[in-house]
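Quick notes on the structure that follows.
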Amino acid sequence: MPDQTITSVSRESRVFKPSAEFKAQANLGSEVTYKRLYKESVNSPEKFWAKQANELLEWRKPFKKVLNWKVPHAKWFADGTLNVSENCLDRHLGTPLENKAAIIFEGEPGDIQTLTYKQLHREVCKFANGLQSLGMKKGDRAAIYMPMVPEAAIAMLACARIGVIHTVIFGGYSAESIKDRVNDCEAKLVITSDGGWRRGKIIELKATVDAALKKGVKCVEHVIVHQRTSNKVTMKKKRDIWWHDLMADSSSEHKAKAFAAENPLFVLYTSGSTGKPKGVLHTSAGYLLGTTITSKYVFDLKETDIYWCTADIGWITGHSYVVYGPLSNGATVLMYEGAPNHPEPDRFWDIIDRHGVTIFYTAPTAIRAFMRWGDDYVKKYSLKSLRLLGSVGEPINPEAWMWYHRMIGKKRCPIVDTWWQTETGAIMVTPLPGVTPAKPGSCAVPFFGVVPKILDETGQEVPKGEGGRLFLTQAWPSMLRTLWGDDDRFKKQYWSEIKGIYFAGDGARFDEDGYLWVVGRIDDVLNVSGHRIGTAEVESVLVAHPKVAEAAVVGRPDDLKGSALVCFVTLKSDKAASDDLKQALRVHVAKEIGAFARPDSIRFAPALPKTRSGKIMRRILKDIAAGVEVKGDITTLEDIKVVAALQASD
Ligand code: 7RM
């Protein structure tokens, strides 16, 4: 394919049009069709979604009612029934897809395993029978704490098959974090692995689960342990069961039951503005429809693709675009267990060439790391199989976009910069690769059924070009339904900023062409290397340390991570500051939350900047952390001298 053309260079950005070749083969390649469909999707959403739901999903009992919307509670296709696992597996059997690879797995040590749709179906059926033999049934919760191995997807799909609600916990989380999540949703079962490979070392997952369960967990009856690394683990009698033992006794026949469209599918915990993570609840048909339709049109998925999304299944991107969306489309999904720089920083490019990956979806923080490691690692590979690139997780800076376009896409592949959230379930704003000209740094235009608005404090729409808060004003099928056990927080967090419409927590603006530019979180959530971390979570861990009196955590712009974590800490009066204590506090946070939350910097200060009513003025701390002049009004500060002391802190 020839280069995509640069059609204009404006002050802000260049514009990259899809090539004629890409357009011609795209699942959606016509601007006229996109416009017509978008119009229909927002003007007659029920008609649009009914048609898509019938075309893209397999129903056991067809729905009659499309949407029941009593703000903020949505029910989609409520009187219809289906089975999500059947939609991802059984429906491809008896078709030419059945002997096609569903999952190509590459472990970090280099082991490779392929599961066809037929084989994956067989494994899922066996595991579903195994879960049932342990008494797991519809509505029960199961926590999954596993590395990126096919068994993680098998566990998710088996839960879905029998109506068990899964909650996947990212393998980087600590024992304490596991305990909180398992207790919050009262999981009866934990599914884990002995370990997982990361940079040549074993991450001891089972040992971490053991530690979590010792911290005061009453709800867990069983732990299923998949053997990955064969490191020594302790198996607690009666409670712990080897995956392979359970599977050995299980039949590979399993008839999936039909469940109501609104049956809960999973809870996924995500950070919010308080210390307590939010359990985002997604249900069945609407979620599956959102992930299926976006996989088809945003990634332009075809039968012949080898599709690779590098996200871990512990995050929403792994749920929607490693498991449910691509499998429902009958795609071949590549799964890689390990680190991008093991044994060398060329591992991803090596994988792409060896497996012939055609679609590659990753995060800006990874792209920036590759840029830093240097072009030589990329140039050793042809990357000629690639035809489409994607980005997700945070705003992609134009420099990184251009490098991705030139170095990885060889100026031939469209890039889809996809904006969405754990809460939205599926991609909301994105270019369509065969239709939308891309601008580096902008996530472009709303997907079908999505109506984004940028509003000011009074709820007025701001003029194009001006920044404000991002809202979604129309209900969509894959929207979160509530927060597990806390519907009040759900209402308050998302639907009360401006009554009755969804507040995304992001700041953004539209440009003159109607393209969306997301700036980033405007609540107390940080995006560190694409991981969502609540400042309040880190603060509560810090103040739990015996030497700490008070703590305030802010983000500092960072070239690689997006945001770096900077913690301002005041010590109890009889405690002395030292470098050792700094290090101890960093280790403390990593231990309590997870290594990905390890603070970049701890600064001891005699006091924190507070208003007279005692509120910490974070914007002052942000400026101080960034090393810039403190801007804006500081007259509300209770003690003005605090600022100078903070600036002098280290
Ligand atoms: C999918 C995911 C959500 C937050 C969101 C934004 C940021 C995600 C983009 C982005 C700019 C993007 N879910 N974000 N994608 N910002 N451009 N393409 O990341 O729940 O973990 O995070 O991530 O701030 O609110 S998430």
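Note that the coordinates shown come from a computational prediction; the quantities given were computed from them, not determined experimentally. Order of appearance sets the numbers: ligands from 1, and atoms from 1 within every ligand.
At under 3.5 Å, not a single nitrogen or oxygen of E423, backbone or side chain, sits near a nitrogen or oxygen of ligand 1. Looking at ligand 1, you won't find any N or O of T270 less than 3.5 Å from one of its N or O atoms.
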>> Please evaluate residues K439 and D511 with respect to the criterion salt bridge (Lys or Arg N to Asp or Glu O under 4.0 Å), reporting the C-alpha separation (whole Å), side-chain torsions for both, the decisive distance (0.1 Å), and the verdict.
In response: CA-CA 11 Å; K439 297 187 188 187; D511 70 13; 2.7 Å; yes
> Yes or no on side chain to side chain donor-acceptor pair (under 3.5 Å) for T358 and R387, after CA distance, side-chain angles and deciding distance?
Replying inline: CA-CA 5 Å; T358 58; R387 66 180 194 90; 4.6 Å; no
>> Using the rule given for side chain to side chain donor-acceptor pair (under 3.5 Å), can you reason through K464 versus Y515, listing the C-alpha separation, both sets of side-chain angles and the distance that settles it, and then say yes or no?
In response: CA-CA 10 Å; K464 277 186 178 158; Y515 275 51; over 6 Å; no
>> If you apply the rule side chain to side chain donor-acceptor pair (under 3.5 Å), what do you find for Y361 with T418, and how did you get there?
In response: CA-CA 10 Å; Y361 188 34; T418 60; 2.6 Å; yes
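For ligand 1, the atoms lying closer than 4.0 Å to a non-hydrogen atom of T317 are 1 (C). Listed by atom number, the atoms of ligand 1 under 4.0 Å from N527 heavy atoms are 7 (C), 23 (O). Residue contact check: I316 has heavy atoms under 4.0 Å from atoms 1 (C), 13 (N) of ligand 1. When each atom of ligand 1 is checked for a heavy atom of V518 under 4.0 Å away, the hits are 11 (C), 16 (N). The distance from ligand 1 to the heavy atoms of V392 drops below 4.0 Å at these ligand atoms: 1 (C). Those atoms of ligand 1 that come under 4.0 Å of a heavy atom in T418, given as number and element, are 9 (C), 12 (C), 15 (N), 18 (N).
Between R532 and E423 there is a salt bridge, with a side-chain nitrogen of the basic residue lying less than 4.0 Å from a carboxylate oxygen of the acidic one.
In terms of protein heavy-atom proximity, atom 15 (N) of ligand 1 is nearest to G393 N, 3.1 Å. Scanning the protein for heavy atoms near atom 4 (C) of ligand 1, the closest one is R521 NH1, 4.1 Å. Given atom 20 (O) of ligand 1, the protein heavy atom at minimum distance is T422 OG1, 2.6 Å. If you check which protein heavy atom lies closest to atom 11 (C) of ligand 1, you get P395 N, 3.1 Å. Here the protein heavy atom with the shortest distance to atom 3 (C) of ligand 1 is W420 O, 3.6 Å.
A cation-pi arrangement, defined by a distance under 6.0 Å to the six-membered ring centre and an angle within 45 degrees of its axis, is absent between R347 and Y336. Cation-pi contact between K453 and F471: absent, since separation from the ring centre below 6.0 Å together with deviation from the ring axis within 45° is not met.
Between W315 and ligand 1 there is no heavy-atom distance shorter than 4.0 Å.
Note: W308 and Y321 fail the aromatic proximity criterion, with ring centroids not under 6.0 Å apart. For an aromatic pair to be called close, the ring centres must be under 6.0 Å apart, and Y297 with Y34 fails this. Under the 6.0 Å cut-off for aromatic ring centres, H319 and F266 qualify, their centroids lying closer than that.
Closest to atom 5 (C) of ligand 1 by heavy atom, among D417, L470, D506, L516, is D506.
Under 4.0 angstrom from ligand 1, the non-hydrogen atoms of E394 all belong to its backbone.
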